[in-house]
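Accompanying notes for the structure given below.
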Amino acid sequence: MADETPRKGSFSALVGHTNGLTKPASLAAAAVTSKPGGSGGSKKLVIKNFRDRPKLPDNYTQDTWHKLHEAVKAIQSSTSIRYNLEELYQAVENLCSHKVAPTLYQQLREACESHVQAQILQFREYPFLVCTDSLDSVFFLKKINTCWQDHCRQMIMVRSIFLFLDRTYVLQNSLLPSIWDMGLELFRSHVISDRMVQTKTIDGILLLIARERSGEAVDRSLLRGLLGMLSDLQVYKDSFELKFLEETNCLYAAEGQRLMQEREVPEYLNHVSKRLEEEGDRVITYLDHSTQKPLIACVEKQLLGEHLTAILQKGLDHLLDENRVPDLTQMYQLFSRVRGGQQALLQHWSEYIKTFGTTIVINPEKDKDMVQDLLDFKDRVDHVIDVCFQRNEKFINLMKESFEAFINKRPNKPAELIAKHVDSKLRAGNKEATDEELERILDKVMIIFRFIHGEKSPPRPLLWARETAESSCPDLLCSQYMQNQSDPGSIDLTVNILTMGYWPTYTPMDVHLTPEVSVLSATARTRLTGGASALLQGKKEFQVSLFQTLVLLMFNEGDGFGFEEIKAATGIEDSELRRTLQSLACGKARVLIKSPKGKEVEDGDKFFFNGDFKHKLFRIKINQIQMKETVEEQVSTTERVFQDRQYQIDAAIVRIMKMRKTLGHNLLVSELYNQLKFPVKPGDLKKRIESLIDRDYMERDKDSPNQYHYVA
């Protein structure tokens with residue numbers, strides 16, 4: 001195998017000048033060897049490093065910086081650059097590669113600083129020394145904004161040329177700001193930090209915002225640019241935001257005081273909503289987002305927080321009286337934004353319910369409409385809670401407490417009137433409401449009833465009323481006894497039979513039945529003391545009671561009868577007959593004519609058949625006139641109510657005595673008044689104590705009669 005001698009490769013193509021950089025002529029030689037075993041083996045190429053590092057030509061650094069400085073000046077003066085940007089970028093890279101980066105960075109900073117320092121001179125010239133009006137302020141702001149925009153554009157271009165310096169030397173030195181940050185620092189130090197420039201800039205911005213708040217159109221893009229400048233220069237909070245919030249606070253404090261005197265509550269609330277919307281829009285458009293929270297809080301405090309009580313006292317009752325749902329919704333939403341707003345609204349809401357409800361319950365002259373007024377008021381309150389107050393649990397609970405407070409200011413009477421109201425609704429039947437509507441009415445009545453102290457579970461009459469309505473009359477026998485077809489009479493009669501537990505509440509009495517009714521009664525083998533419906537010969541069908549049927553049947557025998565004649569013929573008790581004749585001759589459907597005319601039935605009155613009777617309906621129900629409750633009946637009702645409550649009193653006495661073991665009479669009575677939610681007389685309490693002593697639940701002290709001991 002022949003010996004191989006190393007041969008030097010020729011790389012002359014690699015030696016030359018690139019941007020003035022000269023590389024040495026000597027390069028590493030490549031040794032080519034062949035594997036043993038034949039001349040056709042593979043060859044290996046070896047490249048070695050330069051023996052000497054490349055060197056910069058003389059004056060290269062100065063010449064290169066001269067070109068770079070010239071390019072920077074061209075950018076700052078907005079003229080064309082004589083050199084190719086790629087060539088400038090490569091020159092920066094060459095300088096950085098040969099450890100000239102620190103000097104280059106310092107030179108660049110000085111060049112930029114001298115330019116920025118020169119910019120401040122234009123703002124100290126005559127037109128800007130004194131700003132006499134808003135036009136001068138706007139002109140000044142536009143000049144500042146133009147200077148800032150030019151500075152940003154120039155620094156972007158400078159950085160693009162010195163990008164290699166920024167990404168190598170500056171990035172490796174954490175204490176040095178980047179080229180962009182250096183530009184911000186220089187502009188902040190030499191322009192914005194100047195007292196005169198900063199003052200005029202901030203005052204001009206605040207003037208534009210004040211003009212916009214007063215309804216004028218302003219250049220929002222100018223505001224956005226200037227405030228963005230302050231934010232980028234990190235002087236936004238200290239130089240602008242504090243003064244801006246202070247002026248905002250003063251503006252809305254004065255505006256709130258003035259408008260509260262001038263405007264009604266709905267208009268004022270609309271103004272507050274508008275102001276909040278405007279300030280939110282300013283944050284989105286040109287203010288820094290960090291300003292949003294303190295700005296909105298300032299508006300809410302001055303326009304709402306400082307006037308919560310005044311707004312509620314001035315307008316809440318009016319809005320609730322007129323059921324102004326949109327305005328109440330707006331009030332709730334605005335008050336929910338302010339600390340303590342909901343609590344203030346809750347208190348005034350409760351006071352309104354108590355005051356309005358008390359006017360319904362306390363006045364005896366309104367007893368006739370009390371229950372219906374309570375139901376209507378409850379519906380209105382529920383609607384406000386559902387729609388305006390978003391079913392807030394606090395408002396629901398306070399509403400219940402308020403209803404309970406005012407409805408118990410008049411003991412016993414509300415419960416009594418509720419029972420009568422239900423009775424009247426059931427007597428009216430389907431004439432006034434369908435089964436579904438009646439069911440809803442009873443549900444609402446039960447809600448009102450439960451607000452009454454001591455009446456958490458309804459009494460038997462009210463339960464009967466509810467069961468009757470809910471059952472769709474399953475307890476009424478569906479059997480209908482029709483007239484015997486083999487013995488047709490002169491009238492058609494349909495009788496609905498009730499079970500024993502649901503007979504009418506009037507006192508049973510003996511009456512004189514007509515032969516036709518007697519036959520039907522015998523055929524049906526039932527008592528006809530309940531409701532009946534009679535179809536008279538003619539074009540109308542009347543649904544009437546037994547007493548009304550007996551009276552009407554008399555007019556088949558004649559056209560007119562006196563009161564005494566009717567009483568003798570029918571055998572109906574005096575007061576019942578008067579009510580019956582009133583329903584037929586003085587009600588809406590006047591089948592009979594009374595002479596003389598009047599609402600009351602007197603002994604000498606005469607009644608005639610109304611041959612000209614007209615009605616738009618074919619089937620007509622004639623209701624009985626309701627009996628007026630006497631004083632004796634009211635007393636009886638009160639006594640029955642107390643009888644139902646005596647078990648609660650007994651339980652309270654035993655509970656107290658079991659806990660105290662020994663207690664004096666006065667202390668026991670005092671404890672009972674604290675625990676019992678319904679009014680009770682001292683004499684009634686004494687009776688219950690005596691009853692418990694007789695039943696060995698407690699005993700008197702042998703030495704002190706007013707001392708009681710619990711008997712285990």
Side-chain angles (χ1 to χ4, degrees), residues 11-28 47-120 147-148 150-191 193 232-234:
F11 295 100
S12 58
L14 298 177
V15 181
H17 298 278
T18 305
N19 290 324
L21 182 60
T22 304
K23 297 184 180 178
S26 58
L27 294 172
I47 302 175
K48 296 183 179 180
N49 294 330
F50 293 128
R51 292 179 181 178
D52 300 320
R53 289 182 61 82
K55 295 181 180 179
L56 294 173
D58 296 338
N59 300 323
Y60 177 78
T61 302
Q62 291 79 3
D63 295 341
T64 304
W65 167 245
H66 179 73
K67 290 194 298 184
L68 292 172
H69 192 199
E70 186 180 344
V72 170
K73 284 185 175 181
I75 292 172
Q76 292 172 344
S77 61
S78 299
T79 59
S80 61
I81 306 173
R82 292 195 303 136
Y83 306 101
N84 185 280
L85 293 179
E86 184 179 356
E87 180 181 348
L88 295 172
Y89 181 88
Q90 186 64 50
V92 173
E93 182 179 352
N94 291 337
L95 292 175
C96 292
S97 300
H98 289 82
K99 310 298 182 182
V100 191
T103 304
L104 181 62
Y105 181 84
Q106 186 61 32
Q107 290 173 328
L108 176 61
R109 180 183 176 91
E110 291 173 357
C112 293
E113 187 171 12
S114 63
H115 173 72
V116 172
Q117 285 177 336
Q119 299 302 308
I120 194 64
C147 180
W148 165 250
D150 290 342
H151 177 75
C152 292
R153 176 180 51 80
Q154 293 163 11
M155 291 307 301
I156 290 172
M157 292 190 67
V158 169
R159 183 177 179 274
S160 67
I161 294 175
F162 291 85
L163 187 60
F164 190 84
L165 174 68
D166 203 32
R167 290 184 174 178
T168 54
Y169 171 72
V170 176
L171 193 61
Q172 294 167 5
N173 291 269
S174 59
L175 298 179
L176 292 178
S178 66
I179 294 175
W180 174 259
D181 290 339
M182 177 190 69
L184 296 179
E185 179 185 329
L186 293 174
F187 197 90
R188 176 173 60 247
S189 301
H190 298 290
V191 179
S193 293
D232 291 340
L233 296 176
Q234 298 179 356

Rounded to the nearest 0.5 Å, what's the gap from [atom1] on [X] to [atom2] on [Y]? Could you check?
X      : Y      : atom1 : atom2 : value
Leu186 : Glu110 : CG    : CD    : 11.0 Å
Asn94  : Thr61  : CG    : OG1   : 10.0 Å
Ile75  : Ile161 : CD1   : CD1   : 4.0 Å
Thr79  : Lys73  : OG1   : NZ    : 11.0 Å
Tyr105 : Met182 : OH    : CE    : 5.5 Å
Leu233 : Trp148 : CG    : CH2   : 4.5 Å

Contacts table for residues 167-177: side-chain donor-acceptor under 3.5 angstrom, sequence neighbours left out:
unit_1, atom_1, unit_2, atom_2, d
Thr168, OG1, Phe164, O, 2.6
Asn173, ND2, Tyr169, O, 2.6

Review point. Val158 pairs by side chain to side chain contact (heavy atoms under 4.5 Å, CB included) with which of Leu163, Asp166, Leu108?
Key: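 Of Leu163, Asp166, Leu108, side chain to side chain contact (heavy atoms under 4.5 Å, CB included) with Val158 is met by Leu108 alone.
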
Review point. Would you say the side-chain atoms of Gln119 and His151 include a donor-acceptor pair closer than 3.5 Å?
Key: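 No.
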
Closest heavy-atom pair and its distance - [X], [Y]:
X      : Y      : value
Ser80  : Ala74  : O-CB, 3.7 Å
Ser189 : Ser193 : O-CB, 3.7 Å
Ser160 : Tyr89  : O-CD1, 3.9 Å
Gln62  : Asn59  : OE1-CA, 3.3 Å
Met155 : Ile179 : CE-O, 3.3 Å
Val92  : Phe162 : CG2-CD2, 3.9 Å

Side chains of [X] and [Y], heavy atoms from C-beta outward: is any pair under 4.5 Å?
X      : Y      : value
Gln76  : Cys112 : yes
Cys152 : Phe187 : no
Leu95  : Tyr60  : yes

**Study point:** side-chain hydrogen bond (donor to acceptor under 3.5 Å, both in side chains) between Gln107 and His69, worked out
**Key:** CA-CA 9 Å; Gln107 290 173 328; His69 192 199; over 6 Å; no

